[in-house]
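As the structure is a prediction and not an experimental result, all values here were calculated from the model.
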Amino acid sequence: MKKVIKKCAKIAFITLILGSSFSLASCNSAASGEQTLRLLNWEDYIYEQDISSGYTAEDLVDQFIDYVKDDYPNVRVVYDTTDTNETMYNELMTGKSQYDLICPSDYMMQRMLAADLLEPIYPSENIPNYNHYASPTIRERLDEITTVNTVTGEEESLADYAVGYMWGTLGILFNPEYSGFKSEEGQVYEDMKSWSVLWNEDYKKTISIKDSMRDTYAAALMYTFDEELTYWRSQYTSGLIDSDKYNEELTKIFNRCDQDSIDLISDSLDSLKKNIFGLEVDSGKEDIVTGKIGINLAWTGDAVYSMDQADDPEQVSNPFELCYAIPENGANIWFDGWVMPKNENRSDDQYELALLWLDFISDPDNAAQNMDYIGYTSFIGGDSVLELVRDWYDYRTDLIYYNEDFDDDVDDEKYEYYDYVYYLDDDNEEVEVDYLDCHFEEDSDPDFNPVLYAVFEDGTEAGEIGYYNDRLILPADIEEVDLSYFFKGTLEEYSSEDMIFYSDEYLPYGTDEEDNISVGRQFYTQYPDEETIIRGAVMQDYGDNNELVLKMWEEFKSDPLPTWAIIVFVVEIAAIVGVLIWYFASRKHRENVRKKIKNGTA
């Protein structure tokens with residue numbers, strides 16, 4: 001993704017560390033015969049070789065086969081994909097297919113656990129890479145999901161059953177300059193702070209929403225109960241409740257599915273239907289780039305994909321900026337993770353291979369490779385992922401990969417990129433420095449352009465390519481972005497200072513209002529700030545009320561014909577009937593005339 005656009009963040013595609021992390025493989029060195037590992041995942045949700053786009057390493061599945069070949073020389077991986085959580089669930093319930101690992105979403109994992117369909121994995125004991133490198137903050141949110149097993153009657157937690165894979169938010173992707181908007185200039189950023197923007201007639205027929213029951217239901221729910229969400233936000237921001245209580249109340253509201261709530265949400269959806277351009281499954285991320293729509297209800301990975309496309313002159317003739325909003329009164333934070341369906345025929349080898357797979361994809365090198373390709377955000381932290389995020393989004397990286405030639409008469413096609421930062425010493429020799437040592441400082445000279453010029457410690461110019469010894473002066477509008485909430489406890493070579501990034505496209509974006517914490521670009525989309533994480537509610541299974549919500553959704557999608565369409569339809573039917581009557585009457589008349597001529601009576 002961004003790697004292709006930025007000319008390459010350097011990721012070690014795979015560093016395989018043998019030892020305690022993969023002790024399970026060594027204890028099976030005598031494995032013989034063919035072992036088959038069966039995996040079920042979403043489409044386009046794993047690294048695959050794509051040489052034309054710069055992804056030269058083998059498919060991640062093939063890398064795994066190569067990794068375990070010493071202990072499992074005859075391993076075969078069956079890798080299938082699916083389209084919906086419900087399809088995945090139905091296959092398990094009917095026994096139509098059997099997999100060793102599947103990758104459903106949070107609420108579906110909860111439903112499967114309640115139905116006693118899952119085998120415990122015990123990640124804390126069996127998946128050392130995940131246990132060490134998964135972001136503690138994000139993992140905790142997944143692990144705290146509990147349900148009552150309807151077969152055993154015991155309350156159980158996903159902490160024992162699930163290994164987190166990707167995570168993100170549901171938000172609003174929009175083009176602030178879209179010609180179809182009727183709002184005043186600049187107002188769009190303010191409107192995007194609330195879910196009510198989807199119902200705002202200033203944006204009528206410019207909006208596409210997900211053809212997904214739960215996501216569209218969630219957006220309508222947050223619009224319907226906005227007053228309550230506003231109340232709890234004010235309680236939190238005024239210090240009357242802490243973050244845990246705030247998130248608890250948001251989650252209660254977010255998962256309402258009783259009949260009274262469904263009726264209110266149904267009314268909201270009926271009015272939404274009049275304001276949107278249409279429903280979409282996967283086309284929205286392209287439609288907003290081509291200008292077919294101006295607003296799209298989107299998941300983070302799709303939003304980043306669209307923003308990258310719109311930014312890239314090789315993809316669009318006139319690049320433009322898309323933005324992503326996570327409304328301030330509450331949103332959805334979602335998780336996809338791997339679970340193991342129960343299967344009495346699963347061999348010990350298959351069980352151990354499944355654990356090895358989970359440990360393999362939780363290695364930071366592999367997680368970074370995977371994340372770089374699919375564009376979604378991994379559960380995994382670690383040095384390699386931190387370096388990837390830095391290469392994508394840190395302002396200092398833009399200065400490293402910059403054109404060497406700055407004269408106006410230089411061929412624009414001639415570029416040279418640098419993989420390191422250096423300054424020129426007294427002998428005009430390059431001295432390499434770690435650009436993370438660069439300090440954030442306001443520029444005292446507003447005309448100074450740090451991309452073009454740098455100076456030695458004594459103040460003399462170092463030349464067009466050079467840095468101020470160990471300090472790079474950054475523009476005053478660069479913002480510090482603290483991602484310690486995500487990376488803390490996962491790093492090896494880096495410290496807490498390295499979790500601070502510098503960005504000019506984080507928060508607030510596109511507006512002068514400092515209190516707009518809802519709108520950002522790619523960096524914010526993939527790694528929202530900690531406050532946004534707090535106001536993100538996790539979707540739960542609706543249990544016995546699933547059928548009620550499904551019925552409401554089917555009625556919403558049935559889309560009855562408007563009165564004018566019914567009138568046109570009736571008129572057309574009447575016209576067709578009239579034509580048929582005339583045709584048969586004319587035919588009968590011609591037959592009678594022919595008979596009279598034949599009988600000589602005409």
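Ile333 is listed as a side-chain neighbour of Arg141, based on a closest heavy-atom distance under 4.5 Å. Side-chain contact check for Asp308 versus Gln522: some heavy-atom pair is nearer than 4.5 Å. For the pair Ile374/Tyr47, no side-chain contact is recorded, criterion being any heavy-atom separation below 4.5 Å from C-beta on. The closest side-chain heavy-atom distance from Ile288 to Leu322 is below 4.5 Å. In this structure, Gln540 and Thr251 have side chains that are in contact, with non-hydrogen atoms separated by less than 4.5 Å. Looking at Leu92 and Met112, their side chains come closer than 4.5 Å, going by heavy atoms from C-beta outward. Residues Tyr130 and Leu358 fail the side-chain proximity criterion, which asks for heavy atoms closer than 4.5 Å. Taking the side chain as every heavy atom from C-beta outward, Phe523 and Val481 approach each other to under 4.5 Å.
The shortest heavy-atom contact between Ala310 and Val316 is O-CG2, 3.5 Å. In plain terms, the two heavy atoms of Ile326 and Pro528 that are nearest each other are CD1-CB, 4.2 Å. Between Ile65 and Val77 the shortest heavy-atom distance is CG1-CG2, 3.8 Å. Residue Cys323 comes nearest to Tyr189 through the heavy atom pair SG-CE2, 4.3 Å, listed as atom of the first residue, atom of the second, then distance. Of all non-hydrogen atoms in Ile172 and Ser194, the two that sit nearest each other are CD1-O, 4.3 Å. Taking every heavy atom of both residues into account, Thr490 and Ala134 meet most closely at CG2-O, 3.9 Å.
There is no side-chain donor-acceptor pair under 3.5 Å between Gln350 and Asn343. Side-chain polar atoms of Arg139 and Ser124 form a donor-acceptor pair below 3.5 angstrom. Side-chain contact check for Ser503 and Glu479: no donor-acceptor pair (N or O, by modelled atom type) lies under 3.5 Å. Under the 3.5 Å distance criterion, with hydrogens and angles disregarded, a donor-acceptor pair is assigned to the side chains of Thr532 and Asp529. Glu119 and Tyr351 share no side-chain donor-acceptor pair at under 3.5 Å. Looking at Gln369 and Gln63, their side chains do bring a donor and an acceptor atom within 3.5 Å of each other. Side chains of Glu156 and Tyr161: a donor on one and an acceptor on the other come within 3.5 Å.
Distance check: Arg346 CZ to Leu353 CG gives 11.5 Å after rounding to the nearest 0.5 Å. Here the OH atom belonging to Tyr246 is positioned 8.5 Å from the CD atom belonging to Glu531, to the nearest 0.5 angstrom. We find the OG-CD distance between Ser484 and Glu530 to be 7.0 Å, quoted to the nearest 0.5 Å. Between Phe487 atom CZ and Thr137 atom OG1 the span is 11.5 Å, to the nearest 0.5 Å. Separation of atoms CD (Gln315) and CD (Gln309) is listed at 4.0 Å; rounding is to 0.5 Å. Of the inter-residue distances, the one linking Asp80 atom CG with Met88 atom CE reads 11.0 Å to the nearest 0.5 angstrom.
Ion pairing of Glu280 with Lys210 is present here, as a side-chain N (NZ or NE/NH1/NH2) and a carboxylate O approach within less than 4.0 Å. Look at Arg214 and Asp541 and you find a salt bridge, because one of the NZ, NE, NH1 or NH2 atoms lies within 4.0 Å of a carboxylate O, short of that distance.
Centroid-to-centroid, the aromatic rings of Trp357 and Phe64 come within less than 6.0 Å. Remark: aromatic rings of Tyr217 and Tyr542 are close, center separation under 6.0 Å. Tyr527 and Phe486 have their aromatic ring centers within a separation under 6.0 angstrom.
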Inset, instruction - Kindly indicate, with the supporting measurements, whether the criterion side chain to side chain donor-acceptor pair (under 3.5 Å) is fulfilled by Asn41 and Thr81. - result: CA-CA 5 Å; Asn41 198 1; Thr81 60; over 6 Å; no
Legend entry - side-chain contact (heavy atoms from CB on, under 4.5 Å) between Leu297 and Leu170, intermediate numbers included: CA-CA 7 Å; Leu297 183 65; Leu170 177 72; 4.0 Å; yes
Inset, instruction - Evaluate the criterion ring-ring contact (aromatic ring centres under 6.0 Å, His included) for residue pair Tyr45 and Tyr165; output intermediate values, then yes/no. - result: CA-CA 10 Å; Tyr45 215 34; Tyr165 184 55; 5.4 Å; yes
Inset, instruction - I would like to know whether Tyr89 and Met108 meet side-chain contact (heavy atoms from CB on, under 4.5 Å); could you show each step before the answer? - result: CA-CA 8 Å; Tyr89 181 77; Met108 187 53 70; 3.6 Å; yes
Inset, instruction - List the steps and the verdict of side-chain contact (heavy atoms from CB on, under 4.5 Å) for Asn370 and Leu60. - result: CA-CA 8 Å; Asn370 208 17; Leu60 197 61; 3.9 Å; yes
Inset, instruction - Run the numbers on Thr56 and Gln49 for side-chain contact (heavy atoms from CB on, under 4.5 Å), then give the verdict. - result: CA-CA 6 Å; Thr56 58; Gln49 185 182 68; 5.5 Å; no
Legend entry - side chain to side chain donor-acceptor pair (under 3.5 Å) between Asp50 and Ser52, worked out: CA-CA 6 Å; Asp50 184 357; Ser52 64; 2.9 Å; yes
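By the 6.0 Å contact criterion, CG on Asp62 is enclosed, its count of non-hydrogen atoms from other residues, nucleotides or ligands being greater than 12. No more than 12 heavy atoms of other residues, nucleotides or ligands shown are found within 6.0 angstrom of CD on Glu140.
Counting only distance, with no hydrogens or angles, the side chain of Asn90 and the backbone of Thr87 share no donor-acceptor pair below 3.5 Å. The backbone N or O of Tyr107 sits nowhere less than 3.5 Å from a side-chain atom of Ser105 that would complete a donor-acceptor pair.
Taking the side-chain contact (heavy atoms from CB on, under 4.5 Å) definition, one finds that Asp106 meets it with Ile145, Trp334, Phe335, Val538, Met539, sequence neighbours left out. Under the ring-ring contact (aromatic ring centres under 6.0 Å, His included) criterion, Tyr524 pairs with Tyr506, sequence neighbours left out.
Figure legend: Arg521 and Tyr324 shown without cation-pi pairing, the cationic atom not lying both under 6.0 angstrom from the six-membered ring centre and within 45 degrees of its axis. Stacking of Arg390 on the aromatic ring of Tyr494 is recorded, both the 6.0 Å distance cut-off and the 45° axial limit being met.
Using bins of under 30°, 30° to 60° and over 60° for the plane-to-plane angle, the ring pair Tyr55/Tyr373 lands in the perpendicular bin.
With Tyr376 as reference, Asp302 is the one residue of Asp336, Thr300, Asp302, Asp44 to meet the side chain to side chain donor-acceptor pair (under 3.5 Å) rule.
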